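Report on one structure; see the data block that follows.
Remember, predicted model here, so these are calculated numbers, not experimental data.
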Amino acid sequence: MEQIKKKKLASFDIFDTVLIRKCGSPENIFYLLSRRIYGSREEAPEVRDAFFLWRSRAENDAVYRLGKGNVTLEDIYGSLDAGTLPEGMDVAAAMALEKRTEADNLVANLSVRNEIAARRKAGFRIVFISDMYLDGAFLKEVLVREGCADPGDEVYVSNEYDATKACGRLFDIVKDKEGPLEDWVHYGDNTFSDIRMSARRGIRPVLVDTGSSASEDYFRSVSMSQPYFHDCSVLAGMQRAARLVSGDAPEISGAVDLIASSYIPYVEWIFRKASEKGIRRLYFLARDGYMLKEIAEELSPAYPGIELRYLYVSRFALFLPSLYTLSREEFYGSCGFNPESFYPLLWYGYTVKRLLYMLRTTREELGSEFCSVVNFDKFTSREQEDIFFKALEIPLVKNKILESAAAERRLLKAYFIQEGLGGGKMPSATVDVGWVGSSRLIMNRILKREGMSGCYGFYFGCSVDMLPPKYGDYMCYYGSSLLKACPPGLFEHYFSSASHPTTIGYEEKSGKVHPVFGSGPGPGEIRQAKMRTEVVRTVARYVFEGGLGSFSPEAMRFWGGTYLDIYNNIRCRLDYSFLAELDTFPDMQDSYNLVRR
């Protein structure tokens, strides 16, 4: 008699194991569904909220009403009063919209998808098991779309077999249908139905941890008292989903927690304010604007009338071209100080060597007269600062510097014109992180001196030394209080790190002006920057797909502010290891202290 060959079986729970809801909990699906059915928060809020509350309890109501433990979506919607739906929508259409909302929110858990592929390669038969009211055909379609299931894989759903994992009978049915098994391993996130009940039947259980992080739980808990709690809950769900689809390493969690929560609300705010002001083009300033531009590309379909540009500039590249007279006030402004400042080179520890580097010259080039007068490097007195500026008035020195400035300015002006900046035909604004507005001052000085139109500025945060509007109008998202919550170096070297080098000048090639770059970041820095960019763009894409305009602006701002508070004040258990690289920056003592805490 021929012996029946036994199979190896690997079964996988579906929800919160193989597939993750972008929005988080099932309740958030109902919240998003209510917004899709009834529109934005300003329209019919009472009816929309009533539907949300009904749907949140409808499954349990159907279980009691029908006297059966395994209900279908049709059973659940059996108690819906069709008269409460918008005109032109019936119960069938509402059910179809719920399934579409589910499908739009489901993404594959990267680690489990990889495990499925590994088990399949090892010769295991793959099946999927779920205690769920949705039908198996729908779930299989999503599993195939997400690269988790093959067309021949079986999907066992409780409502189609009148049995659940929780009671164990669904495992029995799978065993009967799949035939003799030599090995069966089951993956799931529920410690009772997936782990304990499968183990009782001799199945090898594997617990899959897809829970929220400590920071996500904390954010959700502190937002529960807010009127926009469900918006916050959805945003936390999107962070969790982005973590899990991206690999869930500490550096990924850091990017999701800190960068996404802070910068996505800022970029959304920029779009709203730009629309209100009639601004039709946004220039994101390199390199701090790199991550902001990446986010903006994900959100821009909601604002089709606004064009996005990336402008290769830097303080260094702008400094020399911005000098027209070498006056003390002009020089201070180009250094990033208020032109009316009182001996800032002394107070901020500048050296002559550093200033000459910014002027792109050397002591030797400036001649013996300059060297004999400026016979020091570090400024240790006001008199030395006065001496330095008097030395800049030496005819040979002044002429050389201003000739170099004019040559660099010609290239910079050509670059601005090439990029459409300052032409006046397209209302434009620059986008930057912060903090004093020196780029705004410098760029507007050049634009106006060259007969071009000035530019508006958007800032994430500002210091108390922010340059006033007479150097260019601006708006700031967080204000000066932000610097009390987070050191600026953290934004400049972590939040805003780019995969390209700093711009140090410009050159003309083949009739076009191109940026000239300095020494670039190393391969490790580039890899980290690209990883952060990818995961933050994932969160931004989820926010856009979840209905960007329907999230409360207050919830968005609360989202970013809370996460900055979480990390600065250690509100919960956190892993700061992803910030360890910051100790490579000598000017970031504050951020390094944060890591040591």
Closest approach of [X] to [Y] (non-hydrogen atoms, all atoms of both residues):
X      : Y      : answer
Pro205 : Ala199 : CG-CB, 4.0 Å
Cys232 : Phe558 : SG-CD2, 3.9 Å
Val112 : Val18  : CG1-CG2, 3.8 Å
Ala242 : Tyr542 : N-CE1, 3.8 Å
Cys23  : Leu32  : CB-CD1, 3.6 Å
Ile195 : Thr191 : CB-O, 3.2 Å

Aromatic plane relationship, [Y] with [X] - under 30° parallel, 30 to 60° tilted, over 60° perpendicular:
X      : Y      : value
Phe128 : Phe12  : tilted
Tyr477 : Trp269 : tilted
Tyr563 : Phe219 : tilted

Heavy atoms from other residues, nucleotides or ligands near [atom1] of [X] exceed 12 (cutoff 6.0 Å):
X      : atom1 : answer
Phe192 : CZ    : yes
Arg196 : CZ    : no
Glu178 : CD    : yes
Lys177 : NZ    : no
Glu74  : CD    : yes
Lys8   : NZ    : yes
Lys99  : NZ    : yes

Residue pair [X] / [Y], side-chain heavy-atom distance below 4.5 Å:
X      : Y      : value
Leu33  : Leu97  : yes
Arg125 : Leu181 : no
Met556 : Tyr266 : no
Tyr38  : Asp49  : no
Ile129 : Val174 : yes
Ile14  : Val155 : yes
Phe138 : Met132 : no
Tyr218 : Asp565 : yes

State whether a side-chain donor-acceptor pair under 3.5 Å links [X] with [Y].
X      : Y      : result
Thr210 : Asp189 : no
Thr72  : Asp75  : yes
Arg55  : Ser34  : no
Glu554 : Ser552 : yes
Glu115 : Tyr187 : yes

Between [atom1] on residue [X] and [atom2] on residue [Y], distance to nearest 0.5 Å:
X      : Y      : atom1 : atom2 : answer
Lys293 : Tyr310 : NZ    : OH    : 9.0 Å
Leu143 : Arg113 : CG    : CZ    : 11.5 Å
Asp217 : Ser212 : CG    : OG    : 4.5 Å
Thr533 : Ile259 : OG1   : CD1   : 7.5 Å
Ser130 : Phe15  : OG    : CZ    : 5.5 Å
Asn114 : Cys148 : CG    : SG    : 9.5 Å

Worksheet item: Is the shortest distance from a Lys or Arg side-chain nitrogen in Lys68 or Asp162 to a carboxylate oxygen in the other one below 4.0 Å?
Response: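 Salt bridge between Lys68 and Asp162, a charged N being under 4.0 Å from a carboxylate O: no.
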Fill in: Sidechain N-carboxylate O distance under 4.0 Å for Glu268, Arg272
yes
Looking only at atom types and distance, does a side-chain atom of [X] sit under 3.5 Å from a main-chain N or O of [Y], one as donor and one as acceptor?
X      : Y      : result
Arg35  : Gly546 : yes
Asp131 : Lys165 : yes
Asn28  : Tyr31  : no

Worksheet item: Between Tyr77 and Trp54, is the ring centre distance below 6.0 Å?
Response: yes
Item to complete: Establish, yes or no, whether a centroid distance under 6.0 Å links the rings of Tyr478 and Phe460.
Response: yes
Practice prompt. From the options Val536, Leu258, Val433, select the one residue that forms a side-chain contact (heavy atoms from CB on, under 4.5 Å) with Tyr263.
Written response: Val433
Worksheet entry | Test applied, side-chain contact (heavy atoms from CB on, under 4.5 Å); reference residue, Glu146; option that passes from Leu106, Leu19, Val245 |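 It is Leu19; the other options fail the test.
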Worksheet item: Between Asp231 and Trp559, does a side chain to side chain contact (heavy atoms under 4.5 Å, CB included) hold up when you go through it step by step?
Response: CA-CA 9 Å; Asp231 282 354; Trp559 182 30; over 6 Å; no
Worksheet item: Does the side chain to side chain contact (heavy atoms under 4.5 Å, CB included) test come out yes or no for Ser223 and Thr562, once each step is laid out?
Response: CA-CA 9 Å; Ser223 64; Thr562 301; over 6 Å; no
Discussion item. For Arg541 and Thr538: C-alpha separation, side-chain torsions, deciding distance, then whether side chain to side chain contact (heavy atoms under 4.5 Å, CB included) applies.
Written reply: CA-CA 5 Å; Arg541 184 164 59 253; Thr538 298; 3.5 Å; yes
Discussion item. Walk me through whether Asp16 and Arg240 qualify under salt bridge (charged side-chain N to carboxylate O under 4.0 Å, His left out).
Written reply: CA-CA 11 Å; Asp16 288 329; Arg240 166 179 168 263; 2.8 Å; yes
Worksheet entry | Trace of the salt bridge (charged side-chain N to carboxylate O under 4.0 Å, His left out) decision for Asp61 with Arg65 | CA-CA 6 Å; Asp61 288 352; Arg65 187 179 73 253; over 6 Å; no
Worksheet item: Going through the distances and angles, do Asn70 and Tyr161 end up as a side chain to side chain contact (heavy atoms under 4.5 Å, CB included)?
Response: CA-CA 9 Å; Asn70 299 294; Tyr161 290 93; over 6 Å; no
